[in-house]
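Notes for the one structure printed next.
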Amino acid sequence: MNMLSIKNFSKSYKNDKKAVENLNLEVMKGDIFGFIGHNGAGKTTTIRAIAGVLDFEEGEITIDNISIKKDPVSCKKRTAYIPDNPDLYEHLTGIGYLNFIGDIYEVNRSDRETLIKQYGDAFELTVNLGDTISSYSHGMKQKLAIIAALIHRPKLLVLDEPFVGLDPKAAHTLKTIMLQLCEEGSAIFFSTHVLEVAEKLCNKIAIIKNGKLISHGTTEEVKGNSSLEEVFMELIEEK
Amino acid sequence: MMKKVMRLVRVQLWAVLGEMLSIGTKRNKKPKAIYIGIGLFVLLMSAISFLYSYMIGSGLAMFDSLEVLPPMFMSITCIVLLITTIFKIKGTVFGFRDYDMVMSMPISTGGIVASRLIILYSINMLFVAMLMLPMTLAYGILARPSALFYVFSVIAILFLPLIPIVIASVIGTIIAYVASKFRRSNLLNIILTMGILSIFISMSFAIDDDGEKLVTMSRNLTSQVYSLYPLAKLYTMAVVDQDLFAFVLFIAISAIAFFLYTILIKMVFKKLNTAILTGKTRADFKMGRIKTGSPLKALYLKELKRYFASTIYVTNTAFGIVMLTLAAISLFFVDTQTLFGPEIPANLRSGIGPSIISFCVMMCCTTMSSISMEGKNLWILKSLPVEPRIIYLAKILVNLTILAPALIDAVILGIALKADFLVILLMVLIAAACSVFVSFYGLIINLLLPNFNWTNEAIVVKQSASSMVTVFSSIGIVIIQFTLMMLMPNILVAYLGYVTVLVVLDVCLYWVILHYGKRRFFELI
């Protein structure tokens, strides 16, 4: 079943240069979809548009068959988004932020308490939840953003470079949770520069270059008999 | 070395000025917009300062006391400088956002300290020049002193901000350092600031405009300042009497004090910045029962916490309501007939109440910077499954919460002014309608002129295009309202009309927020 659909999506900025051009993608339930490209290829632009953070004029993006342009609130209820640099409310405590997210997504008390405890312990952040976010390191903020994204059980997780700043144990925990969520029927769409992670974790991959999709399909289809790194290097060096 | 420092100053000063004018993202338009913006602002402030000093000077000259003008302006400048600099220290010299990046550059700590102090001095100098140069000109026209007066004045102005910067820095550093040691220090910080500002305002309330009293007051103020701040006396001797010894001494004391302060800061710069930038942690949290609430409540509480987490935000926006409360309570204990004079009719006296309320409420607008305050956190709001109107409502409710005492103040003020029941009722209605108006109006202006790329929240709150437009236009609205009121034959009808206009405007602005605000929310980046 289709969880995310991107049709003819294009986005230009004020200088008229197209950051993304005519992008078409589909993410199904249970997919872990890796979105790969060089710096400035259009990954973050696409991800921000899916999350409803960036306005766009051309194309259509639907989440669980609901248009993000027509009904952004319903789409966002089903989605969790983590940007590449999680700037959170520094004046709030960790628990204050999680509770804020819980209230916004209307997560009931018992689910909220259980999930905060479960993910807080998994990322070894529970003891720090009483401290203000301003005292957190980059990695701790990233962990908190991940926990906040998970406590409302999203159907679609949209992550921009989720492994940056995480220690090896937390990165492993995140990978385990990602697999578990997809087994339960959610879908994950994430960008990464760590090709080994994408190769091992994703069942589908898309490669974007200068705003255009140059390859996509199942991981096996995209990489064939080579490694993902070799394929990626070949594709981006081609004219 | 000096080249590197000046390069650093240039980059950071442009960043500060760019933020002030909310043009941080429009790189290609930056220099022109900055020049025009600064030019207009400096011109306007200088013109106001000139007119003000010329008027006061003329008044003083009538009582043969013109020589009081320069020290009076110098004292006021120093006091304002002192208060504003205390809150600039954190963010300029200590605890500034790009500390890590700047410290990793191949520039000595001394060089970095120098760059930060030059920035602090430059920002303050702009203000000092805007106030003191027009006063010098006004005094020159009125007193016709020798050419030496202008030479001494201009040189003295360059050294004038140094000592206030040193004193403010010491106080500001202590506050910032102590604050870094406590978890909930902001409230204490806010109360202290409000206390200090209230004292200054109460002192200015005590001045009335009776000519002879103004001179006595000015002289008293000057002599008090002389005893508290001996440098002011040196300044007077140097500028007014053109005493060369006093002039040299004034320059030398200012320069040496600043030099010693620079050395001291250089010694503690790294240590204090580390202490301030390293938050207080406990790492002892245990999961307990948590409270749940509606999305609106969550957004409202988040907004309220954001508000009280920033001393500069609170002191700049809640001051109107503190002033109103102080005025209401003070008038309760003062005989209004003595205060306004017997020649002012009773109905007009009670009619002043709504204008006081209007002015104080209009000066209390948190929404004019609440969108910009989201800064780098904007992505959170934009990715939440909440309608923009709920987000706006939370921001508006914070403003209305801060303004809630205005309703009680209106009743107290009404009783103090011996107004009849209908006028008191109108005053309460004006307080309510005005609160709603300023909350809506500030929000719309901020939606039109947002700035998310700030590095220092003081710039968003105090000097951004959005806050300047809101504050100045609000003052304009109050002036127009007061003038129209005075032209009306019946004060009661006039205020009834005012309430009606406000309510109609509130409805119109709400419509704008619902329609334009929704569209604008998606455009914000």
Side-chain angles (χ1 to χ4, degrees), chain A residues 14 48 51-56 69 72-83 85-109 112-114 116-117 120-121 125-136 145 148-149 152 158, chain B residues 25-26 28 95 180 183-184 186 277-310 313 373-388 390-391 452 518-525:
Chain A
K14 277 179 184 165
R48 280 161 58 86
V53 174
L54 189 72
D55 200 22
F56 62 94
K69 280 192 90 71
V73 173
S74 298
C75 284
K76 289 172 188 178
K77 270 189 180 159
R78 292 161 166 78
T79 315
Y81 161 62
I82 304 174
N85 197 358
D87 289 301
L88 307 174
Y89 297 124
E90 303 254 317
H91 61 283
L92 293 184
T93 58
I95 189 71
Y97 180 68
L98 293 177
N99 223 6
F100 166 73
I101 294 292
D103 282 344
I104 297 286
Y105 284 86
E106 293 168 289
V107 182
N108 67 52
R109 180 186 290 142
R112 204 183 297 187
E113 284 173 357
T114 312
I116 291 175
K117 180 90 176 75
D121 289 348
L125 199 69
T126 308
V127 289
N128 301 102
L129 290 179
D131 295 327
T132 49
I133 297 172
S134 58
S135 68
Y136 283 17
H152 57 92
V158 184
Chain B
T25 49
K26 295 171 189 164
N28 51 342
S180 71
R183 291 182 100 224
R184 295 199 181 274
N186 265 324
L277 288 166
T278 315
K280 194 102 180 116
T281 56
R282 286 202 302 215
D284 58 355
F285 180 77
K286 283 189 182 74
M287 269 300 287
R289 198 170 165 77
I290 47 179
K291 283 182 189 165
T292 57
S294 68
L296 177 64
K297 191 182 168 194
L299 283 163
Y300 169 74
L301 289 176
K302 178 234 69 146
E303 205 65 38
L304 205 62
K305 282 176 188 165
R306 176 70 187 92
Y307 179 68
F308 283 108
S310 169
Y313 198 6
M373 285 297 271
E374 292 295 334
K376 287 178 178 164
N377 298 136
L378 183 69
W379 72 270
I380 302 177
L381 281 191
K382 291 201 77 175
S383 64
L384 294 179
V386 184
E387 290 288 352
I390 306 287
I391 293 168
F452 301 110
K518 187 177 179 179
R519 186 160 45 85
R520 185 72 179 140
F521 182 75
F522 296 106
E523 293 167 359
L524 299 174
I525 6 174

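So that the names make sense, note that chain A is the first sequence line, chain B the second, and so on, each numbered from 1. As the structure is a computational prediction, the values presented were derived from the model and not from experiment.
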Mind ranking [options] by heavy-atom pairs under 4.5 Å with chain B and telling me who comes out on top?
{"options": "Val158(A), Val107(A), Ile104(A), Asn108(A)", "answer": "Ile104(A)"}
{"options": "Val53(A), Ile116(A), Asn128(A)", "answer": "Val53(A)"}
{"options": "Lys117(A), Arg112(A), Glu106(A)", "answer": "Arg112(A)"}

* Asked: Which pair of non-hydrogen atoms, one from Ala298(B) and one from Phe100(A), has the smallest distance, and what is that distance?
  -> O-CD1, 3.6 Å
* Structure fact -> Residues Ala309(B) and His91(A): closest non-hydrogen pair is CB-CB, 3.6 Å
Side chain, backbone, both or neither: which part of [X] has an atom under 4.5 Å from a heavy atom of chain B?
{"X": "Ile101(A)", "result": "side chain"}
{"X": "Tyr97(A)", "result": "side chain"}
{"X": "Glu113(A)", "result": "both"}
{"X": "Leu88(A)", "result": "both"}
{"X": "Arg48(A)", "result": "side chain"}

Taking side chain as C-beta onward, heavy atoms only, is [X] less than 4.5 Å from [Y]?
{"X": "Met287(B)", "Y": "Ile95(A)", "value": "yes"}
{"X": "Asn85(A)", "Y": "Trp379(B)", "value": "no"}
{"X": "Asp55(A)", "Y": "Leu524(B)", "value": "no"}

Portion of [X] that has a non-hydrogen atom of chain A nearer than 4.5 angstrom:
{"X": "Asn377(B)", "result": "both"}
{"X": "Ser383(B)", "result": "both"}
{"X": "Leu299(B)", "result": "both"}
{"X": "Ile390(B)", "result": "neither"}

* Return yes if some donor-acceptor pair links the side-chain N/O of Lys382(B) with the main-chain N/O of Ala51(A) below 3.5 Å, else return no. => no
* **chain A interface, residue from Glu523(B), Lys291(B), Lys286(B) that has the most non-hydrogen pairs under 4.5 Å** => Lys291(B)
* Asked: Between atom CG of Asp103(A) and atom NZ of Lys297(B), what is the distance when rounded to the nearest 0.5 Å?
  -> 7.5 Å
* Asked: Measuring from Asp87(A):CG to Ile380(B):CD1, what's the distance to the nearest 0.5 Å?
  -> 8.0 Å
